[in-house]
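What follows is a single structure, written as C-alpha cells, with notes after it.
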Amino acid sequence: MPNTSGMPGHARLIAETLADPPGLEIVDRVEQLRYQLHTPEAVSPTPVSTGKFYFPVGRGLRMRTREFVLPSVVSVFVRDGDGNMVSEIEHLDSESLGPGEYILELSTQIKTYIEVEGPVEITADLLEVRFEFAEETAVDIGVRSRHNRPAATITTTTDPVEMMLAIGSFGSALKSTSVDPPETGVTLEAPPAYDAIFPLASLSYYLGADFVPAQRPRLVTDDGFAYAFDYPEGYEDDVARVLKQVFLLDCLARTEGFYAVNLHERNALDAQLDLDWAALYDAPLAERLEPYLSVPYAVLAEHVPEWRLTAHVEPTPDTVEQLPFVVDDLAVVRTVDTEQWRSSSPDLRVAADGAGEDVLTRSASPSESTSEPAEDPVSRSVSSTTQRDDTTYVEFEEADSLEQAWLGEGVPVGASKLIPAAFHNRLDREVTAGDIAITIVLNDDRMAEERDLVDSAYGDRQNLPFDVTVRRDLTVEQLREELGKDRSFLHYIGHTDEEGFECADGKLDVSSLDQTGIDAFLLNACKSYQQGVNLIEAGAIGGIVTLSEVFNEGAVRMGETISRLLNAGFPLRAALTIARDESILGGQYIVVGDGGMTVAQPASRAPFFLELFTTNDEYSLSVQSFVTDNAGIGSMSIPKIEYADEYSLTSGFIGKFSLSANEVHQFLQLEEMPVQFNDELHWSSTLSIAEFGSD
C-alpha cells in the first residue's frame with residue numbers, strides 16, 4: 001500500500017512514496033495525471049507551507065535526498081530565488097549550477113516548482129533528467145493542477161442586451177488578462193442580435209472585455225483606440241483573425257518575461273515586425289492592442305497556431321448555456337443559418353461507399369438475437385436494412401481548425417455534438433482513486449478481432465497504471481451493472497440501434513439508467529448516436545458514436561486506431577480527427593459531449609503526430625503537435641531531436657527535420673506516436689528501421 005502522507009488532507013493532489021524504484025509519484029486524482037521522481041533511497045516527504053514558494057502552488061512537500069531523477073525528458077526552466085530565468089535544459093543538455101537559491105520549473109503533466117540550494121548538476125539525455133547535489137539536500141516540491149475549470153453560475157434572460165452582459169462576464173474566470181499580471185480596459189460593442197453577439201464570445205473572454213450594445217461591432221479601449229470589425233460581410237472571419245492575432249502576439253511578448261525561451265515564431269517574425277517586445281510585455285492589455293492590430297494579418301498568418309476548435313452555433317437563446325465551455329478553448333464561434341439544414345440520413349452515403357451483399361454489420365434488429373441466431377442473421381446488405389428517418393442532420397463547410405463542434409438542435413455530420421450535461425458532469429467529476437479503469441465489452445464473438453487488437457493497445461504504457469477488464473456476451477442486467485461502475489472508459493463492440501444495446505437476452509436502452517459511472521466511451525456499433533447521448537445524460541463526459549450502420553471490417557480498423565490514439569494521450573476529438581482519414585467509414589463517427597476529454601495522459605505534454613518521408617537515402621520527419629486540456633493552445637513544444645533547438649507554439653506543424661535512418665529509429669522508440677508513412681498509419685513502436693532502410 002503506497003504511503004500518501006506527504007500531502008495529507010488534500011483529496012486532489014497527493015504524493016505517493018515508491019518502493020521499487022524508491023522515490024515519489026505525484027498524482028492529480030481528478031484529471032488522472034501523474035509523474036514520478038526516483039531517488040537512490042526511500043524518502044519520507046513532509047508537508048510544507050504553500051506560501052513559501054515563489055510561484056503559486058496547491059500543495060507543498062519536502063524530501064531530503066542527494067539526487068533525484070525524472071524518468072522522462074521534459075523542459076526544465078532554471079530561475080534564481082527572485083524568479084529570473086537563469087537557464088533552460090532540454091534533451092541532450094546539461095547545466096552546472098553553483099551555490100545559491102534556485103527554482104526548478106518542470107514541464108510535467110502537473111505544474112511543478114522545485115526550490116533547492118545549489119550547487120546542483122542537471123543532466124538530460126533522451127530518456128531522463130537527473131538532478132545531483134554535492135550532499136544530501138532539502139528539496140521543496142510545490143505542485144498545482146494545470147487545469148481548473150471555473151464552476152460559477154451566470155444567470156441571464158433571453159434579451160440580447162442582458163445576454164451581452166452575461167457573455168461579458170466570462171472573462172472573470174481567466175487566471176490572467178494580460179501577458180502576466182491581470183489588467184483590462186477593453187470594451188466590445190455589437191448590435192444586440194445573437195448572430196452579432198455569439199461570434200465575439202471567445203474574444204470577449206480572452207480580452208476580459210466589457211460587452212455593450214451599439215449599431216456596429218467595434219473593439220475600443222479606454223485609451224481611445226478603436227478597431228471596427230467588417231460587418232456584416234466577413235464579420236466572423238474578421239473576429240477570428242483579431243482573436244488569433246492578439247493571441248499570437250501575446251505569446252511572442254511573453255518570451256520577454258518568465259519564459260525567455262528560443263521561440264520559433266518569434267525568431268521567424270522579429271525581422272518583419274517593428275514592435276518593442278519589452279515595452280509590450282510591461283504594458284497593460286489596452287495599450288498592447290493598438291500596436292498588435294497595426295500589423296497586417298497576412299504577415300502573421302502562417303505562424304498562427306493551428307486553432308483547436310471551431311464551434312458552429314445555432315443563434316438562439318438556448319445555445320448560450322454552452323458558450324462558456326467552448327470559449328474556454330478559445331474556439332472560433334460561427335453562427336449557422338438554420339435554413340441551410342439538411343434532413344437526410346448519412347446511411348445513404350454509407351451504402352454508396354460500395355458495400356456488397358452479405359456484409360457483417362453492427363446493427364441490432366428486433367427480430368434477431370445473438371443467443372438464438374437465425375441462419376447468418378447479420379450477414380446482409382446495408383441497402384436492404386437501411387431506413388430513412390426524420391432526424392435533422394447538420395453539415396458545415398470546412399473550417400480552419402483541427403476540430404469542429406455543433407451547438408444546437410439536430411445531429412452534426414463530421415463535427416462533435418456538444419451536450420450541456422457533459423460539461424456539468426465534468427465539473428462534478430470526483431476524485432478517482434486507483435488506476436485508469438477501462439472496460440471492453442464484446443457482445444458478438446464474430447467481432448473478437450477488434451477485442452484482441454484493442455485489449456493489446458490499452459494499458460501498454462510504462463509507469464502509467466491501467467486496469468483493463470474484458471467482458472463478453474453480457475445479458476441486459478450484466479451490461480446495466482457494468483454501466484453503473486466507476487470506469488474511465490468503455491469500449492463497446494457489438495450491435496446497437498435506436499432502441500438500445502443488443503445483449504444475450506434482449507436490449508438495454510441506456511435511457512432507462514438513473515446514472516452511469518462511465519467517464520468516456522467508444523460505442524463501436526451501428527447507429528449508436530442516441531445511446532451515446534443517453535450515456536451523457538446519465539453522467540458520462542464524452543464519447544465516440546456512429547450515425548449509421550457500419551461494416552465490421554471498417555469498424556475494426558476504426559476501433560483499433562481510436563484505441564491506440566486514446567492510449568497515446570490524444571483527446572477524443574483529436575483521436576477521431578486522425579482516425580477518420582484511415583477508413584471510408586470515418587465520416588460516420590462523431591463525438592458527443594466534451595471532446596476535449598482524454599483517457600490517458602500523453603508521454604510528452606502534448607501528443608505528436610508524425611509524417612515520415614524518404615527520398616533515396618534521405619529521411620525527413622514532419623512533426624505536428626495536438627493540444628489537450630492540460631497543454632492548451634499557445635503552450636510550447638519541442639521534439640526530442642538533437643537538431644531541434646527551438647520551441648514552437650502548440651498546436652500544429654512544429655517542424656520538418658532531416659535525419660539519418662538510425663536517428664529516425666532512435667526518435668521513434670522514445671514514446672508511442674502515430675506515424676504516417678507510405679500513405680498508411682503506423683505506430684512508432686512497430687515501424688522498424690528495416691521498413692524504411694538503414695544507413
Quiz question: by atom type and distance under 3.5 Å, do the side chains of [X] and [Y] form a donor-acceptor pair?
X      : Y      : value
Gln624 : Glu306 : yes
Asn630 : Glu31  : no
Gln531 : Thr496 : no
Asn524 : His491 : no

Ignoring hydrogens and angles, tell me if any N or O in the side chain of [X] forms a donor-acceptor pair with the backbone of [Y] under 3.5 Å.
X      : Y      : result
Arg451 : Val470 : no
Thr516 : Leu483 : yes
Trp307 : Leu330 : yes
Thr319 : Glu314 : yes
Gln530 : Gly500 : no
Thr475 : Gln478 : yes
Glu482 : Leu479 : no
Ser635 : Thr650 : no
Ser528 : Thr546 : yes
Ser416 : Leu418 : no

Over all heavy atoms of both residues, which pair between [X] and [Y] is shortest? Give the atoms and the distance, please.
X      : Y      : result
Arg564 : Thr686 : NH2-CG2, 4.4 Å
Ile110 : Val27  : CD1-C, 3.8 Å
Gly410 : Tyr529 : O-OH, 4.3 Å
Asp505 : Val476 : OD1-N, 2.9 Å

I'd like to know whether Leu37 forms a side chain to side chain contact (heavy atoms under 4.5 Å, CB included) with Val69, so could you lay out the CA-CA distance, the side-chain angles of the two residues, the decisive distance to 0.1 Å, and finally the verdict. CA-CA 5 Å; Leu37 296 175; Val69 176; over 6 Å; no
Show, in sequence, the C-alpha distance, side-chain angles and deciding distance for Phe466 and Tyr458, and conclude whether the ring-ring contact (aromatic ring centres under 6.0 Å, His included) test is met. CA-CA 8 Å; Phe466 284 81; Tyr458 291 124; 7.6 Å; no
State the [atom1]-[atom2] distance between [X] and [Y], to the nearest 0.5 angstrom.
X      : Y      : atom1 : atom2 : value
Leu523 : Asn534 : CG    : CG    : 10.0 Å
Leu576 : Ile562 : CG    : CD1   : 5.5 Å
Thr108 : Tyr35  : OG1   : OH    : 4.5 Å
Leu490 : Ile518 : CG    : CD1   : 5.0 Å
Met63  : Ser44  : CE    : OG    : 11.5 Å
Lys417 : Ile536 : NZ    : CD1   : 12.0 Å

Between Phe521 and Tyr492, does the ring centre distance come in under 6.0 Å? no
Centroid separation under 6.0 Å, is that true for the rings of Tyr113 and Phe53?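 Phe53 vs Tyr113: aromatic centres not under 6.0 Å.
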Would you please test Asp509 and Ser511 for side-chain hydrogen bond (donor to acceptor under 3.5 Å, both in side chains) and show each step? CA-CA 5 Å; Asp509 186 346; Ser511 65; 3.0 Å; yes
Look at [X] together with [Y] and state whether they make a salt bridge at an N to O cut-off of under 4.0 Å.
X      : Y      : value
Arg426 : Asp629 : yes
Asp445 : Arg472 : yes
Arg480 : Asp514 : no
Glu450 : Arg557 : no
Asp497 : Lys527 : no
Arg34  : Glu25  : yes

Beyond-backbone contact of [X] with [Y], side-chain heavy atoms, under 4.5 angstrom:
X      : Y      : answer
Val468 : Asp455 : yes
Gln32  : Ser488 : yes
Pro571 : Arg308 : yes
Val441 : Ile493 : no
Leu453 : Ser563 : no
Phe551 : Leu585 : yes
Ile114 : Leu106 : yes
Met636 : Ser107 : no

Of the options Arg12, Arg59, Arg29, which is the one that meets Ser145 in a side chain to side chain donor-acceptor pair (under 3.5 Å)?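 It is Arg12, the one option of Arg12, Arg59, Arg29 that forms the side chain to side chain donor-acceptor pair (under 3.5 Å) with Ser145.
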Set out, in order, the CA-CA distance, both residues' side-chain angles and the distance that settles salt bridge (Lys or Arg N to Asp or Glu O under 4.0 Å) for Glu502 and Lys507, then state yes or no. CA-CA 5 Å; Glu502 187 170 278; Lys507 291 183 181 179; 5.2 Å; no
What do the steps show when you test Glu671 against Ser604 for side-chain hydrogen bond (donor to acceptor under 3.5 Å, both in side chains), and what is the final call? CA-CA 8 Å; Glu671 62 185 78; Ser604 300; 2.7 Å; yes
Hey, can you tell me if Phe325 and Phe423 have their rings parallel, tilted or perpendicular (30° and 60° cut-offs)?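 Ring orientation, 0 to 90° scale: parallel.
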Any chance you could lay out the side-chain hydrogen bond (donor to acceptor under 3.5 Å, both in side chains) test for Glu672 and Asn567, step after step, and finish with the verdict? CA-CA 9 Å; Glu672 185 76 314; Asn567 189 64; over 6 Å; no
Run the salt bridge (Lys or Arg N to Asp or Glu O under 4.0 Å) check on Lys111 and Asp28 step by step: do they pass? CA-CA 10 Å; Lys111 192 71 173 178; Asp28 182 334; over 6 Å; no
Just wondering, more than 12 heavy atoms not from Glu128 lying within 6.0 Å of its CD? yes
Just do the side-chain hydrogen bond (donor to acceptor under 3.5 Å, both in side chains) check on Arg487 and Thr469 with the steps written out, would you? CA-CA 10 Å; Arg487 307 292 285 177; Thr469 301; 3.2 Å; yes
